[in-house]
Amino acid sequence: MTKYQIRGGKTLHGTIEISGAKNAAVAIIPAALMVDGVCRIENVPQISDVTLILQILRELGADVRTVNRTTVDVDCSHIRNRQVPYDLGRKIRASYYLVGALLGRFGWAEVPLPGGCDLGGRPIDQHIKGFVAMGAEVEVRNGLIYAQVPQGGRLTGNSVYLDIVSVGATMNIMLAAALADGMTVIENAAKEPHIVDLANFLNSMGANIMGAGTDVIKIRGVERLRGGTYSIIPDQIEAGTYMAAVAAAGGEVLIKNVIPKHLDCITAKLVEMGVDVEEQDDAVLVRRSGPLSRTNIKTMPYPGFPTDMQSQIGAVLCLARGTSVITEGVWDNRYRYVDELRRMGAHIQVDGKVAVIEGVDKLTGAPVHACDLRAGAAMVIAGLAAQGVTEIDAIHHIERGYETLVEKLSAVGADIKVVNVPEEDSQAQVG
Ligand code: EPZ
């Protein structure tokens with residue numbers, strides 16, 4: 001079994017360069033399915049979720065070529081298959097974007113129900129509501145989503161009011177509507193930076209989308225999308241994770257290739273906690289030398305504090321003076337990491353969507369489990385700040401969303417490495 005081994009207690013100093021945004025990349029790559037021509041996509045993060053989505057596109061008949069470490073050419077001019085392989089599609093949450101993309105371009109799609117992190121119930125009723133409003137017939141059976149436009153042809157633009165602010169439904173409906181006949185209006189749309197990024201990508205390929213980044217998005221369907229070049233935005237959550245790491249471990253790190261505006265909600269909370277954050281044009285300088293102060297956090301859709309930063313900030317608050325309260329406002333079950341932090345000496349009580357954290361003077365290294373992607377990131381942060389050695393298993397979750405995390409942290413002075421532990425030893429440790 002492969003684990004991360006962290007010898008904690010080292011402050012962090014230097015520069016970290018942020019990669020392209022995972023949650024933009026996993027929507028923009030499926031969007032290339034809708035384009036007749038070559039899409040050159042730049043600033044693509046090298047993470048396993050991206051590898052998987054590119055593999056799915058290849059299985060569907062796309063010509064995918066690596067141009068350099070962060071650039072791919074995707075040509076979907078000759079797609080021969082609209083059935084997404086079951087074993088690939090079910091492994092990743094973002095496979096739901098293949099429904100919108102295939103339905104929009106070809107009028108039918110067959111896609112496994114998506115997988116992804118276990119955060120409680122993850123329904124897709126709002127995605128389906130949008131497709132149905134545009135004239136599709138959608139059925140879920142045998143673990144698959146079957147979607148088609150009756151008698152072939154194109155979807156028809158319509159108004160869709162989302163009952164809940166959903167990132168996935170907003171992007172999926174935007175995809176389907178880009179090639180629909182007429183105007184689609186999404187009301188109560190999500191406003192995350194990756195929604196704007198997907199709209200910009202589609203517009204640069206010839207789509208007509210207005211209002212992305214507000215809660216009303218208007219999409220006038222076009223006949224065809226053509227190829228072009230597009231660069232994905234930097235990853236807001238990756239940047240926030242390293243900001244939280246500096247807050248927990250101490251030190252001074254320049255976090256480069258970011259859009260500081262996208263980090264405002266994270267910066268505001270870290271400043272409240274006593275961390276210095278200096279915004280530059282495309283970087284933030286994060287510094288922490290004094291004690292951390294308590295704060296309260298409530299996660300909510302953008303521009304609120306992101307749920308995808310909840311566990312990382314939770315790890316930092318374990319070391320803050322006083323009592324902090326976190327309220328999870330998006331997912332039903334995003335506190336599975338708490339048991340793991342308790343192994344390291346954290347004092348946290350959870351009641352439903354609320355976690356109460358009593359700050360402690362120190363955390364101590366322990367064998368812990370990365371329950372999901374961001375929970376894994378929280379374990380890394382706690383391990384960096386803890387006294388002694390922390391070993392984190394199930395690191396495949398972390399590698400779904402963080403490019404070269406070990407290298408990036410080592411470069412700023414963290415003592416972190418990948419170790420291979422024989423299966424029986426790791427069983428004994430995990431108990
Ligand atoms: C996206 O998930 C992200 N995943 C998640 O990132 C992120 O936590 C989430 O948005 C919220 O920001 C990807 O982009 C691949 P939602 P998504 O639809 O689209 C409910 C990470 O760590 N809902 O915005 O699945 C849902 O249950 C991950 O990178 C419905 O009820 O999230 C949730 O309570 C994990 N019906 C809320 O809406 C629907 O049809 C928000 O979900 C859709 C969602």
Side-chain angles (χ1 to χ4, degrees), residues 19-31 45 47-50 52-53 56 89 91-100 113-133 138 140 145 160-175 186 188-198 215 232-233 235-241 262 265-266 299-314 327-334 336-337 353 370-378 397-403:
S19 304
K22 162 181 144 332
N23 287 343
V26 297
I28 285 173
I29 294 168
I47 50 176
S48 62
D49 268 14
V50 162
L52 195 59
I53 209 98
I56 294 175
K91 282 191 189 154
I92 180 174
R93 188 76 198 154
S95 60
Y96 50 36
Y97 294 129
L98 299 162
V99 183
L113 274 174
C117 293
D118 178 3
L119 312 173
R122 297 189 74 174
I124 55 162
D125 56 301
Q126 300 301 304
H127 305 230
I128 293 174
K129 171 177 160 172
F131 301 145
V132 169
V138 185
V140 179
I145 308 162
V160 183
Y161 176 84
L162 296 180
D163 299 326
I164 187 158
V165 178
S166 159
V167 172
T170 303
M171 305 236 260
N172 225 343
I173 295 166
M174 196 195 292
L175 284 169
I186 309 174
N188 200 25
K191 297 182 274 206
E192 270 65 6
H194 32 292
I195 289 172
V196 180
D197 209 32
L198 176 64
D215 53 12
I232 292 173
I233 53 167
D235 197 310
Q236 170 208 22
I237 303 300
E238 189 199 10
T241 299
H262 293 169
C265 36
I266 302 165
T299 69
M300 49 182 103
Y302 191 83
F305 189 88
T307 173
D308 295 346
M309 276 299 300
Q310 188 252 99
S311 49
Q312 300 92 312
I313 217 77
T327 308
E328 171 56 42
V330 178
W331 296 110
D332 289 340
N333 182 10
R334 209 166 193 178
R336 293 193 312 141
Y337 67 95
K353 292 193 164 196
C371 321
D372 61 50
L373 167 60
R374 307 303 173 187
H397 284 300
I398 302 175
E399 291 174 350
R400 284 188 36 224
Y402 290 92
E403 179 180 306

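First listed ligand is number 1; within each ligand, the first listed atom is number 1. Numbering starts at 1 and runs along the sequence shown.
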* Which of the atoms in ligand 1, numbered in the order shown and given with their element, are less than 4.0 Å from a heavy-atom of Gln126? -> 36 (N), 39 (C), 40 (O)
* Structure fact -> The side chain to side chain donor-acceptor pair (under 3.5 Å) partners of Asp49 (sequence neighbours excluded) come to Arg400
* Can you find a heavy atom in the side chain of Tyr302 that is under 4.5 Å from one in the side chain of Gln236? -> yes
* Arg336 and Asn333: which non-hydrogen atoms are nearest, and at how many Å? -> CG-OD1, 3.6 Å
* Heavy-atom contacts under 4.0 Å between Thr307 and ligand 1: side chain, backbone, both, or neither? -> side chain
* Structure fact -> Taking only non-hydrogen atoms of Lys22 and a 4.0 Å limit, the atoms of ligand 1 in range are 21 (C), 29 (O)
* Asked: Between Val167, Asp163, Ile237, which one has a non-hydrogen atom sitting closest to atom 24 (O) of ligand 1?
  -> Val167
* **Geometric N/O contact Arg122 with ligand 1, under 3.5 angstrom** => yes
* Say whether Asn23, considering both its backbone and side-chain N or O atoms, lies within less than 3.5 Å of an N or O atom on ligand 1. => yes
* Can you list the ligand 1 atoms lying under 4.0 Å from a non-hydrogen atom of Arg93? -> 25 (O)
* Considering the options Gln310, Glu328, Arg334, Lys353, which one meets the side chain to side chain donor-acceptor pair (under 3.5 Å) requirement together with Thr299? -> Glu328
* Asked: When you look for heavy atoms under 4.0 Å from ligand 1, do you find them on the side chain of Tyr96, its backbone, both, or neither?
  -> side chain
* Asked: Heavy-atom contacts under 4.0 Å between Asp308 and ligand 1: side chain, backbone, both, or neither?
  -> side chain
* Which pair of non-hydrogen atoms, one from Ile232 and one from Ala24, has the smallest distance, and what is that distance? -> CG2-CB, 4.0 Å
* Short side-chain donor-acceptor distance under 3.5 Å, Thr241 and Gln312 -> yes
* Please report the shortest heavy-atom distance between Val140 and Leu113, naming the atom on each side. => CG1-CD1, 3.7 Å
* Asked: Atom NE2 of His194 and atom NE2 of His262: how far apart are they, to the nearest 0.5 Å?
  -> 10.5 Å
* Below 4.0 Å from any atom of ligand 1, is there a heavy atom belonging to Pro123? -> yes
* Asked: Residues two or more places apart in sequence or in another chain: which of them pass side chain to side chain donor-acceptor pair (under 3.5 Å) with Asp235?
  -> none
* Asked: Within the structure, does Ala94 bring an N/O atom to less than 3.5 angstrom of an N/O atom in ligand 1?
  -> no
* Structure fact -> In ligand 1, the atoms that come under 4.0 Å of a heavy atom of Gly168 are 18 (O), 19 (O)
* Closer than 4.0 angstrom: is that true for some heavy atom of Arg334 and an atom of ligand 1? -> yes
* To do: May I ask you to list the atoms of ligand 1 that are less than 4.0 angstrom from any heavy atom of Ile124?
  => 39 (C), 40 (O)
* Sub-3.5 Å N/O-N/O distance, Val26 and ligand 1 -> no
* **Proximity of Asp332 to ligand 1 by residue part, where a heavy atom lies under 4.0 Å** => neither
* Any side-chain donor paired with an acceptor under 3.5 Å for His127 and Asn172? -> yes
* Structure fact -> In terms of heavy-atom contacts, Ala25 and Pro30 come closest through O-CD, 4.1 Å
* To do: Ignoring angles and geometry beyond distance, decide whether Ala169 reaches within less than 3.5 Å of ligand 1 through its nitrogen or oxygen atoms.
  => no
* Ligand-side contact atoms (ligand 1) for residue partner His127, heavy atom cut-off under 4.0 Å -> 40 (O)
